[in-house]
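Each remark here refers to the structure printed beneath this line.
Throughout, residue positions are numbered sequentially from 1 according to the sequence presented. Please read all numbers here as calculations on a predicted model, not as lab measurements.
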Amino acid sequence: MAETVTNVSEYQAIAKRKLPKMAYDYYASGAEDEWTLKENREAFSRILFRPRILIDVSTIDMTTSVLGIKISMPIMISPTAFQKMAHPEGEYATARAASAAGTVMTLSSWATSSVEEVASTGPGIRFFQLYVYKDRKVVEQLVRRAEKAGFKAIALTVDTPRLGRREADIKNRFVLPPGLTLKNFEGLNLGTMDQANDSGLASYVAGQIDRTLSWKDVKWLQSITTMPILVKGVITAEDARLAVHSGAAGIIVSNHGARQLDYVPATISALEEVVTAAQGRIPVYLDGGVRRGTDVFKALALGASGVFIGRPVVFALAAEGEAGVRNVLRMMREEFELTMALGGCTKLSDITRNHIFTEGDRLGRPLPRM
């Protein structure tokens, strides 16, 4: 008999049993000592609730909008690479599950299905995550293809001028399994990754990704597309202000799932600083460590307009394919709705900073100076 999965985190153990070591380690590991990887989860556990009672919570509305597009809940799917490594249907399954749930799927540049293939699964709200390659013609072509395929926004990853040191991938000499390619780059002779002495992906990034990427490139991207640009990888007030000035449509507070620079704060710890600096001029979203509906509530209480989930999706995909991803989105939705009810909130705008208290509040610490 199949075991009953009662929460999102339980999929990780199932994925570990099912997946080859190289694939599981790729999804699960973080950079270096993996301090930030643990902290992305643990920081949530240090934020406590101040629930309000005796409020009529018989109807709860979780709908919201992202960049003007209505979605069913403030829970969206992060870009994660190589999904066919988890399950043969890969990104197709994730796209269908997101569409059924009425929320956003973000497709990775390094997907094992192309933008056109994902669009072919039917209607849905999709964003495209972009890595900027040294060859800007490649970038232009990719952005145009995403736009043509009906994608609604670009999530520009800005924290990866070089790949973080992921020691599990170095040990495993990570490389894509036979038969899988970076589908978006296949016709451009950039779709394959060679075996290397350490991580094949790290070598690929060193060869292809543009280390000169800077704020002026956000402006350049705006000149080649009408899609709004979300800057993904901001964790400081200083960069939040620069993102606003650069004309970004929004910010995704992200430390790349703790896979880049180790010993940066958990994203939930960095969130309030970024929200304060953005001054309400553009929406701020949170990515990293979200595993429970309570986490979603905490992020919104600290000023996030929504959250993105990554690893839970690939682990559920590995465990049960599309049904797993649908189940993750359903469980997160139900837990979040319950948290709202027990917190005394009937709509997202009811969730305020007064509904939580953080370590900083307990210690009477001011926010980092702006």
Charged N-O contact under 4.0 Å between [X] and [Y]:
X      : Y      : result
Asp25  : Lys171 : no
Arg333 : Glu337 : no
Arg292 : Asp295 : no
Glu320 : Lys18  : no
Glu186 : Lys183 : yes
Arg326 : Glu322 : yes
Glu334 : Arg330 : yes
Arg166 : Glu32  : no
Arg353 : Asp361 : yes

*Taking atom CZ of Arg165 as the centre, does the number of heavy atoms from other residues, nucleotides or ligands within less than 6.0 Å exceed 12?*
no
*Report, as yes or no, whether the 6.0 Å neighbourhood of atom NZ on Lys137 holds more than 12 heavy atoms from other residues, nucleotides or ligands.*
no
*asked:* Within the 3.5 Å criterion, strictly below it, is a donor on Asn255 or Asp159 matched to an acceptor on the partner's side chain?
replied: no
*Would you say the side chains of Thr276 and Glu272 form a donor-acceptor pair under 3.5 Å?*
no
For residues [X] and [Y], report the shortest heavy-atom separation together with the two atoms involved.
X      : Y      : result
Ser99  : Pro123 : OG-O, 2.7 Å
Ser254 : Lys232 : OG-NZ, 3.6 Å
Ile77  : Ala98  : CD1-CB, 3.9 Å
Gln260 : Ala31  : O-CB, 3.2 Å
Ala248 : Gln222 : N-NE2, 4.0 Å

*asked:* Before you tell me yes or no, could you show the steps for Glu116 and Ser120 under side-chain hydrogen bond (donor to acceptor under 3.5 Å, both in side chains), namely the whole-Å CA-CA distance, both residues' side-chain angles and the distance that decides it to 0.1 Å?
replied: CA-CA 6 Å; Glu116 293 84 3; Ser120 78; over 6 Å; no
*Just one of Asp287, Thr267, Thr160 clears the side-chain hydrogen bond (donor to acceptor under 3.5 Å, both in side chains) bar with His256, so which one?*
Thr160
Heavy atoms, side chains only, cut-off 4.5 Å: are [X] and [Y] in contact?
X      : Y      : result
Val274 : Thr236 : no
Ile268 : Leu302 : yes
Met331 : Tyr11  : yes
Leu329 : Ile309 : yes
Ile251 : Leu230 : no
Leu271 : Val275 : yes
Asp210 : Arg136 : yes
Val253 : Tyr285 : no

*Has Arg259 got its NZ or CZ under 6.0 Å from the middle of the six-membered ring of Tyr26, at an angle within 45 degrees of the ring axis?*
yes
_Test side-chain contact (heavy atoms from CB on, under 4.5 Å) on Val57 and Met340; report intermediate values, then the result._
CA-CA 8 Å; Val57 290; Met340 283 180 69; over 6 Å; no
*Does Leu317 belong to the same Ile/Leu/Val/Met/Phe/Trp/Tyr cluster as Phe315, with side-chain heavy atoms less than 4.5 Å apart forming each link?*
yes
*For the residue pair Trp110 and Phe82, does the interplanar ring angle fall in the parallel (under 30°), tilted (30 to 60°) or perpendicular (over 60°) class?*
parallel
*Could you tell me how the ring of Phe127 sits relative to the ring of Phe308: parallel (under 30°), tilted (30 to 60°) or perpendicular (over 60°)?*
tilted
*Chi angles and distances behind the side-chain hydrogen bond (donor to acceptor under 3.5 Å, both in side chains) call for Thr226, Glu147*: CA-CA 8 Å; Thr226 57; Glu147 204 163 350; 2.5 Å; yes
*Could you walk me through whether Phe151 and Arg145 pass the side-chain contact (heavy atoms from CB on, under 4.5 Å) test, one step at a time?*
CA-CA 9 Å; Phe151 283 66; Arg145 282 169 55 197; over 6 Å; no
*Could you go step by step and tell me if Glu89 and Arg96 meet the salt bridge (charged side-chain N to carboxylate O under 4.0 Å, His left out) rule?*
CA-CA 10 Å; Glu89 294 200 330; Arg96 288 192 293 259; 2.7 Å; yes
*Side-chain donor or acceptor of Thr106 paired with backbone N/O of Gln129 under 3.5 Å*: no
Quiz: residues 48-56 side-chain donor-acceptor pairs under 3.5 angstrom, not counting sequence neighbours:
residue: Arg50; atom: NH1; partner: Asn354; partner atom: O; Å: 2.7
residue: Asp56; atom: OD1; partner: Ser58; partner atom: N; Å: 2.9
residue: Asp56; atom: OD1; partner: Ser58; partner atom: OG; Å: 2.6

_From Arg211 atom CZ to Lys134 atom NZ, the distance as rounded to the nearest 0.5 Å_ = 6.5 Å
*Output all residues satisfying salt bridge (charged side-chain N to carboxylate O under 4.0 Å, His left out) with Glu91, sequence neighbours left out; order by chain, then residue number.*
none
_If you apply the rule side-chain contact (heavy atoms from CB on, under 4.5 Å), what do you find for Leu348 with Leu300, and how did you get there?_
CA-CA 8 Å; Leu348 302 189; Leu300 268 59; 4.0 Å; yes
*Using side-chain contact (heavy atoms from CB on, under 4.5 Å) as the criterion, point out the one residue from Ile209, Val175, Leu182 that pairs with Tyr204.*
Leu182
*Of Val296, Val307, Asn7, Asn327, which is the lone residue that meets side-chain contact (heavy atoms from CB on, under 4.5 Å) with Met332?*
Val296
*Please test Phe128 against Val143 for side-chain contact (heavy atoms from CB on, under 4.5 Å), starting from the C-alpha separation and ending with a verdict.*
CA-CA 8 Å; Phe128 181 67; Val143 167; 5.5 Å; no
_Walk me through whether Thr80 and Gln83 qualify under side-chain hydrogen bond (donor to acceptor under 3.5 Å, both in side chains)._
CA-CA 7 Å; Thr80 49; Gln83 290 183 15; 2.8 Å; yes
*Show your working on salt bridge (charged side-chain N to carboxylate O under 4.0 Å, His left out) between Arg46 and Glu39 and close with a plain yes or no.*
CA-CA 10 Å; Arg46 298 193 294 270; Glu39 180 66 5; 2.4 Å; yes
